[in-house]
Amino acid sequence: MQYNPQKVEKKIQKLWEKEKIWKVNLSKPKKPYYNLMMFPYPSAEGLHVGNVYAFTGSDIHGRFKRMQGYDVFEPMGFDAFGIHSENFAIKQGIHPSILIKRNVNNFRRQLKRMGAIFAWENEVDTTHPSYYKWTQWLFLQLYKAGLAYRAKAPVDWCPSCKTVLANEQVINGKCERCDTEVIQKEMEQWFFGITKYADKLLKNLEWIDWSERTKIAQRNWIGKSEGLIEKWKVGGLNLTLETFTTWPHTTYGATFLAIAPEHPIIEKLIKGTKVEEGARKFIEGVRREKLKDTASIERKKKGFFVGWNAMNFLTGEEIPIYIANFVVMGYGTGIIKGAPAHDQRDFEFAKQYKLPIILVVRPKGNNLTVDKLKEAYIGPGVMTEATGKFAGMSDNKARNAVAEHSIELKHAKKVVQYHLRDWLISRQRYWGPPIPIIYCKECGTVPVPEKDLPVKLPYVKDFRPRGKGVSPLASVPSFVKTKCPKCKREAERETDVSDTFLDSAWYFLRYPSSGDVKKPFDRRLTKKWLPVDMYIGGQEHAVLHLLYSRFTTMVLHKLGYIDFEEPFKKFRAHGLLTKGGAKMSKSRGNVVNPDEYFDKYGADTVRMYLMFLGPLSEAGDWSDQGIVGIRRFLNRLWEYAETFSKKPKTKNDELEQIRHKTIKKVTLDLENLRYNTAIAALMEYLNAISAKDSVLKKDLNTLLILLSPFAPYIGEELWGRLKNQGSIHNQKWPEYDSFLVKDVQSRLVLQVNGKVRDVVEVSPDITESEAKQLALDSEKIKKWVGGKKPKRVVVVQGRLVNIVV
RNA sequence: CGACGAGUGGCGGAAUGGUUUACGCAACGGACUUAAAAUCCGUGACUCGCAAGAGUUUGUGGGUUCGAGUCCCACCUCGUCGACCA
């Protein structure tokens with residue numbers, strides 16, 4: 001019979017389902033191993049090869065661990081709330097609740113086809129009330145802990161779609177859907193105080209076992225910098241402006257202050273003054289310009305003098321206060337001191353407005369002066385005569401010394417600044433879990449009592465965003481009108497829903513307890529299974545999802561619900577699968593649907609092909625080019641196994657060694673997620689087996705076992721055809737004999753002056769002097785040495801001799 | 001502009017500081033076939049040479065080393081992410 005993947009896969013799937021082969025005893029595991037992968041968002045297009053790539057990489061790991069004797073829990077679920085689904089639903093004119101059900105079913109079908117060991121009994125769907133009840137519960141815990149608060153914040157607004165957009169929906173300052181320029185609006189929003197955990201989030205990175213580049217990305221995102229808040233008195237007003245700096249010593253050269261156009265303090269400076277109108281015009285102009293080209297940093301530096309001066313507390317000079325287009329509201333205090341000689345932006349600004357430039361640091365042994373300055377000097381050096389008693393000190397020392405001085409003057413304090421901002425979780429949208437808050441005229445903001453959860457998302461026929469900056473839920477009176485839980489009087493519900501990232505920030509806690517209706521997660525089960533042993537996922541979630549998950553875990557730990565601080569013991573980022581060298585995306589039209597390839601080649605081939613492209617951490621480029629190579633390999637294996645019973649069976653020492661070497665290679669490669677080279681080793685092993693006239697059944701069985709994590713269907717089928725008992729997936733992972741793995745013969749490379757001149761076969765245990773002698777005796781070497789006396793002979797045990805003449 | 005990653009045959013990629021190109025794809029030659037597909041066997045960078053052989057070659061240029069694809073410095077190109085972060 002010929003290898004027919006469709007038939008084999010169908011048959012084996014039935015077998016697995018009937019025998020419930022992947023079932024783990026969640027309450028009584030012997031060696032629990034939680035193997036997690038990032039659950040997909042079930043798009044209407046269906047499973048993406050990128051998903052298949054990631055899940056295969058993770059599933060191979062799970063299967064490998066399972067065969068090593070672990071009780072592997074490998075759950076799967078659907079991250080189905082969110083703006084993506086909602087937008088698609090709007091486009092299609094189908095209600096998201098219907099659409100999502102359909103998509104989920106399609107995804108489940110495709111995922112089953114992939115042949116992974118998913119624990120479907122523990123499937124999770126974030127849009128189901130039994131799930132989001134606990135997402136709301138989580139919100140309440142954060143609220144109680146003082147970590148959820150409401151504040152005014154600028155949001156992106158699309159005037160054409162009349163809706164608030166998520167940050168991810170704003171592409172180059174334009175609406176993702178209609179290409180209209182977005183504008184900023186100030187609105188009341190709910191935030192989570194993630195910045196309170198900035199330090200812990202940073203510190204724990206030191207010990208968690210994660211891909212280095214993911215840790216670097218988080219470190220950069222958290223962006224800790226230590227510096228100084230400096231205070232500047234505004235002359236003529238009872239007002240102090242605060243700036244943040246990491247270069248306190250350049251304050252001697254500060255010749256202006258600049259405020260971000262969005263800064264609320266501007267009101268106090270301009271209200272009722274004769275520049276008020278001009279200032280407002282300027283701010284409006286900047287806003288408009290920003291919308292035009294958010295991507296450009298070449299934008300001309302522009303400012304508006306507010307009519308007030310501040311005093312430089314180090315020099316006593318009066319310096320002007322500007323509103324400036326290049327100052328960012330979201331970082332530091334939103335106000336900066338301008339030290340033009342030592343910051344390129346400040347330099348350009350000063351030139352533009354003919355402000356004084358004072359040199360504070362000069363390169364050592366150089367007589368640099370201001371008039372020679374073509375651009376800001378940011379290199380090291382010594383303090384100049386402009387810095388009073390600090391003149392002559394190195395800039396490095398002066399940094400601290402001047403800071404201390406400013407602190408003594410009571411004009412500064414040390415602060416730690418983070419790039420990380422609090423997590424904005426409000427969405428004025430429909431498709432998400434309602435935020436469980438009630439507003440009462442008497443009692444104010446009241447959280448929904450836990451016993452009243454879930455706050456069900458009502459069915460709204462017209463679920464499109466409304467355009468007044470409120471969620472569609474606001475137009476459902478039966479939802480909005482409620483009773484205050486405290487005073488029982490008329491009250492109104494919060495109509496915003498929460499960010500999708502909140503759904504995924506705790507799903508790993510839900511999986512083991514997915515059926516529990518009384519609590520979000522069972523303490524006993526959680527203790528057994530968490531934290532997650534291995535999490536494999538995309539680098540694109542390096543900051544958002546992974547950071548949020550760590551944050552919620554830390555909070556739950558602090559509140560005493562769980563006894564660990566970090567959710568994922570091990571995290572490995574896989575690479576990005578591209579097509580034609582570019583990221584697959586709907587807009588590029590280069591998304592590959594795996595169904596076609598499942599049909600044509602079979603799931604085993606698709607799995608192996610994807611893994612063969614390159615190391616999991618690097619991914620690769622999808623093309624149909626090489627996929628036949630894998631299919632041919634599986635065909636050859638099939639054919640070989642079919643005729644195997646007729647072949648003579650005798651032990652072969654050489655093959656036995658190859659077997660042990662292959663076990664070693666594949667085992668190590670699996671441990672390091674180097675699946676591409678493991679597959680190469682399996683191919684070499686099959687080549688070696690088929691070259692022999694006589695092979696033991698053990699040789700072939702070993703190949704099947706080693707192959708089975710990669711190609712589970714054909715592995716199972718051939719295992720049965722060879723009349724082996726039970727499922728191949730219940731076999732023990734083979735071990736290698738470290739004695740047998742050793743080579744009897746090894747190649748000794750002989751070099752003269754670093755160039756290879758001869759290669760000889762030797763025993764790997766050859767001594768240094770033997771190797772040296774062998775090299776000197778070689779005719780080829782003699783020719784190159786030419787009778788000269790070697791200056792030096794380098795010997796690498798059993799590998800190489802290099803003669804230097 | 002910045003952070004991170006990557007540049008090795010025609011292509012995807014192998015390679016504890018020690019024979020560059022494992023494994024696979026494509027190509028070419030052959031076998032089988034009426035023929036094709038499939039399958040099997042074989043060939044494999046460049047330059048010089050009839051050959052034996054010699055030389056060159058891991059984006060570019062330097063450096064460290066007996067020896068560099070691998071380590072260090074500078075530059076170029078591509079990819080991902082972030083945008084004036086004081």
Side-chain angles (χ1 to χ4, degrees), chain A residues 2 172 211-217 219-221 223 225 227-228 230 243-247 250 254 258 260 290 294-299 301 324-339 342-346 348-349 417-419 538-540 542-543 573 575-576 578 581-583 608-609 612-615 617-630 632-633 635-636 639 665 674 676-687 690 747-759 780 790-796 799-805:
Chain A
Q2 262 206 337
N172 271 334
S211 301
E212 204 46 44
R213 60 181 168 141
T214 312
K215 291 211 247 180
I216 291 170
R219 231 172 253 136
N220 290 345
W221 187 263
S225 61
L228 219 55
E230 294 174 319
T243 60
F244 173 73
T245 183
T246 51
W247 277 25
T250 62
K290 272 192 185 171
T294 43
S296 167
I297 55 131
E298 297 298 323
R299 192 185 296 125
K301 305 285 176 284
N325 65 345
F326 66 95
V327 184
V328 187
M329 185 60 214
Y331 187 75
T333 61
I335 310 176
I336 60 153
K337 70 165 187 228
H342 304 290
D343 182 288
Q344 188 55 29
R345 293 155 301 182
D346 298 351
E348 284 168 33
F349 189 81
Q417 190 71 40
Y418 296 94
H419 172 259
Q539 174 71 5
E540 70 271 21
V543 287
L576 185 77
T578 56
K583 188 178 172 177
M608 278 185 90
Y609 172 61
F612 193 54
L613 280 173
S617 58
E618 309 295 331
D621 198 62
W622 171 275
S623 76
D624 316 9
Q625 290 276 303
I627 196 164
V628 291
I630 297 290
R632 284 206 273 251
F633 165 68
N635 277 344
R636 255 183 294 137
E639 297 296 333
K665 170 91 179 132
R674 317 234 358 150
N676 55 329
T677 47
I679 292 169
L682 292 173
M683 288 172 168
E684 281 178 86
Y685 186 43
L686 176 64
N687 291 345
S690 17
R747 306 189 103 187
L748 185 71
V749 173
L750 307 180
Q751 297 182 327
V752 178
N753 289 337
K755 286 201 192 296
V756 181
R757 299 303 180 186
D758 200 4
V759 179
K780 286 179 186 165
K791 272 189 217 146
R792 189 173 166 184
V793 179
V794 182
V795 182
V796 180
R799 300 200 58 135
L800 172 135
V801 180
N802 186 17
I803 298 167
V804 187
V805 291

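All chains are named by letter (A, B, ...) in the order of the sequence lines, taking the proteins before the strands, and each is independently numbered beginning at 1. Computed from a prediction, not measured in an experiment: that's the story for all the values here.
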**Request:** Please list, chain by chain and in numerical order, all residues satisfying side-chain hydrogen bond (donor to acceptor under 3.5 Å, both in side chains) with A:R674, sequence neighbours excluded.
**Result:**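 Per chain and number, A:R674 pairs via side-chain hydrogen bond (donor to acceptor under 3.5 Å, both in side chains) with no residue.
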**Item:** Nearest-nucleotide comparison on RNA chain B, the residue closer to the 5′ end among A:V756 and A:D343
**Value:**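 Counting from the 5' end, the first nearest nucleotide belongs to A:V756.
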**Request:** Hey, which sits more toward the 5' end of RNA chain B by its nearest nucleotide, A:H419 or A:E540?
**Result:**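 Checking each residue's closest nucleotide, the 5'-ward one belongs to A:E540.
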With [atom1] as the reference atom in both, quote the distance from [N] to [M] in angstrom, rounded to an integer.
{"N": "B:C48", "M": "B:U57", "atom1": "C1'", "value": "15 Å"}
{"N": "B:A52", "M": "B:G69", "atom1": "C1'", "value": "30 Å"}
{"N": "B:A37", "M": "B:A45", "atom1": "C1'", "value": "32 Å"}
{"N": "B:G55", "M": "B:C73", "atom1": "P", "value": "32 Å"}

Nucleotide of [options] approaching [X] most closely (side-chain heavy atoms):
{"X": "A:L576", "options": "B:C66, B:U80, B:G55", "answer": "B:U80"}
{"X": "A:R757", "options": "B:G12, B:C23, B:G55", "answer": "B:G55"}
{"X": "A:R747", "options": "B:U19, B:G18, B:G55", "answer": "B:U19"}
{"X": "A:W221", "options": "B:G12, B:A86, B:G82", "answer": "B:G82"}

Between the protein and nucleotides 67-73 of chain B, list the N/O to N/O atom pairs that are separated by less than 3.5 angstrom.
none

**Asked** Side chain of A:S211, backbone of A:A573: donor and acceptor closer than 3.5 Å?
**Response**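 Yes, because the side chain of A:S211 sits within donor-acceptor range (under 3.5 Å) of the backbone of A:A573.
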**Asked** Do the side chain of A:T333 and the main chain of A:I335 share a donor and acceptor less than 3.5 angstrom apart?
**Response**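 Between the backbone of A:I335 and the side chain of A:T333 there is a qualifying donor-acceptor contact (under 3.5 Å).
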**Asked** A:N687 and A:R636: side-chain donor and acceptor closer than 3.5 Å?
**Response**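 Side-chain D/A pair, A:N687 to A:R636: present.
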With [X] via salt bridge (charged side-chain N to carboxylate O under 4.0 Å, His left out) - residues at least two apart:
{"X": "A:K215", "result": "none"}
{"X": "A:R632", "result": "none"}
{"X": "A:R345", "result": "A:D343"}

Could you check whether [X] gets within reach of a base, just the sugar-phosphate, or nothing at all, counting any heavy atom under 4.0 Å?
{"X": "A:N687", "value": "sugar-phosphate"}
{"X": "A:K337", "value": "nothing"}
{"X": "A:V749", "value": "base"}
{"X": "A:V628", "value": "sugar-phosphate"}

Polar pairs (N or O, both sides) under 3.5 Å between protein and nucleotides 3-10 of chain B?
residue: B:A3; atom: O2'; partner: A:N220; partner atom: ND2; Å: 2.6

**Item:** Set of ring-ring contact (aromatic ring centres under 6.0 Å, His included) partners for A:F326, sequence neighbours left out
**Value:**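 A:F326: ring-ring contact (aromatic ring centres under 6.0 Å, His included) contacts with A:F349.
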**Prompt:** Got a sec, which residues hit ring-ring contact (aromatic ring centres under 6.0 Å, His included) with A:W221, two or more places apart in sequence or on another chain?
**Reply:**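 Expected list: A:H419.
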**Asked** Do the side-chain N or O atoms of A:R345 get closer than 4.0 angstrom to the phosphate oxygens (OP1, OP2) of B:C85?
**Response**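 Yes, such a contact exists.
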**Prompt:** Taking only N and O in the side chain of A:R632, is any of them less than 4.0 Å away from OP1 or OP2 of B:C25?
**Reply:**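 For B:C25, OP1 or OP2 has a side-chain N or O of A:R632 closer than 4.0 Å.
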**Asked** Can you check B:G9 for me, syn or anti if syn means within 90° of 0?
**Response**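 Syn conformation here, the glycosidic angle of B:G9 being no more than 90° from 0.
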**Prompt:** Atom CG of A:L613 and atom P of B:C11: how far apart are they, to the nearest Å?
**Reply:**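 My rounded result for the distance is 16 Å.
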**Request:** Whole angstrom is fine here: how far is it from CG in A:L682 over to C1' in B:A22?
**Result:**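 Distance, rounded to whole Å: 14 Å.
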**Item:** Gap between atom CG of A:L228 and atom CZ of A:F244 - 0.5 Å precision
**Value:**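 Interatomic distance, A:F244 CZ to A:L228 CG, rounded to 0.5 Å: 8.5 Å.
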**Asked** What's the spacing between A:N802 CG and A:N753 CG if we round to 0.5 Å?
**Response**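 Answer rounded to 0.5 Å: 7.0 Å.
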Distance-only donor-acceptor hits, side chain of residues 678-686 of chain A, under 3.5 Å, sequence neighbours excluded:
residue: A:Y685; atom: OH; partner: A:D699; partner atom: O; Å: 2.9

**Request:** Would you write the dot-bracket representation of RNA chain B, where each base gets (, ), [, ], | or . depending on whether it forms a Watson-Crick or G-U pair under 3.5 Å and with which partner?
**Result:** (((((((..(((.....[....))).(((((.......))))).((((....))))..(((((..]....))))))))))))....
**Request:** List in chain and number order the residues that pass side-chain contact (heavy atoms from CB on, under 4.5 Å) with A:E639, two or more places apart in sequence or in another chain; answer none if no residue qualifies.
**Result:**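 For A:E639, the residues satisfying side-chain contact (heavy atoms from CB on, under 4.5 Å) (neighbours in sequence not counted) are A:Q2.
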Please write out the pairs of protein N or O atoms and N or O atoms of nucleotides 14-17 of chain B separated by less than 3.5 Å, giving the distance to one decimal.
residue: B:A14; atom: OP1; partner: A:N676; partner atom: ND2; Å: 2.9
residue: B:A15; atom: OP2; partner: A:R674; partner atom: NH2; Å: 3.2
residue: B:U16; atom: O4; partner: A:R799; partner atom: NE; Å: 3.3
residue: B:U16; atom: O4; partner: A:R799; partner atom: NH1; Å: 2.8

